[in-house]
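The block underneath contains the structure these notes are about, expressed in structure tokens.
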Amino acid sequence: MWTVISAVIGGLIIGALARLVLPGKQNIGVIMTIVLGILGALIGSWLTYQFGYSNDNGGWKVVPFIVGIIVAAVLIFAYVSITGRRKVSH
């Protein structure tokens with residue numbers, strides 16, 4: 001149960017930070033931000049460890065976190081590019 005809650009909170013944080021580093025406004029909702037943040041964190045951690053990263057000193061693993069933000073930013077950019085920038089007309 002706590003793993004799911006941690007993944008959602010981590011995905012929200014990573015997704016929000018990824019949206020902050022991207023220029024302009026991304027027209028996506030909170031749920032998609034969380035989903036892409038979680039995917040970014042998972043893919044970023046996997047990539048980091050594939051390149052031989054190890055946290056021998058313990059503590060907070062900052063490198064996978066930063067790579068997760070970068071991957072999430074790429075995913076958000078791709079999502080916005082694929083879905084297009086929809087304008088709401090009233």
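Values below: all heavy atoms of this structure, side chains included; hydrogens, waters and symmetry mates excluded.
Separation of atoms CG (L75) and OG1 (T33) is listed at 12.0 Å; rounding is to 0.5 Å. Taking CD from Q26 and CZ from F77, the interatomic distance works out to 10.0 Å, rounded to the nearest 0.5 Å. Rounding to the nearest 0.5 angstrom, the gap separating the CD1 atom in I31 from the CD1 atom in I34 is 5.0 Å. Interatomic distance, L36 CG to I43 CD1, rounded to the nearest 0.5 Å: 9.5 Å. Rounding to the nearest 0.5 Å places CG of L47 at 11.0 Å from CG of L42. The line from CD1 of I13 to CD1 of I38 is 11.0 Å long, rounded to the nearest 0.5 Å.
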Given I28 and R19, is the side chain to side chain contact (heavy atoms under 4.5 Å, CB included) satisfied, shown in steps?
CA-CA 10 Å; I28 64 173; R19 286 182 68 179; 3.8 Å; yes
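Annotation for A18 and A73: closest pair CB-N, 3.4 Å, computed over non-hydrogen atoms. Nearest heavy atoms, I14 versus G37: CG2-O, 3.8 Å.
Counting only heavy atoms from C-beta outward, the side chains of V74 and Y79 never approach each other to under 4.5 Å. Residues V30 and L12 form a side-chain contact, since some pair of their non-hydrogen atoms from C-beta on lies under 4.5 Å apart. Inter-residue side-chain proximity for V71 and W46 is flagged as unmet; no heavy-atom pair is nearer than 4.5 Å.
Hydrophobic clustering (side-chain heavy atoms under 4.5 Å, transitive across Ile, Leu, Val, Met, Phe, Trp, Tyr) keeps L17 apart from V21. By the criterion of side-chain heavy atoms lying less than 4.5 angstrom apart, applied directly or through intervening Ile, Leu, Val, Met, Phe, Trp or Tyr residues, I69 is grouped together with L20 in one hydrophobic cluster. Both I70 and L22 sit in one connected hydrophobic cluster of ILVMFWY residues. Membership requires side-chain heavy atoms under 4.5 Å apart, directly or through other members.
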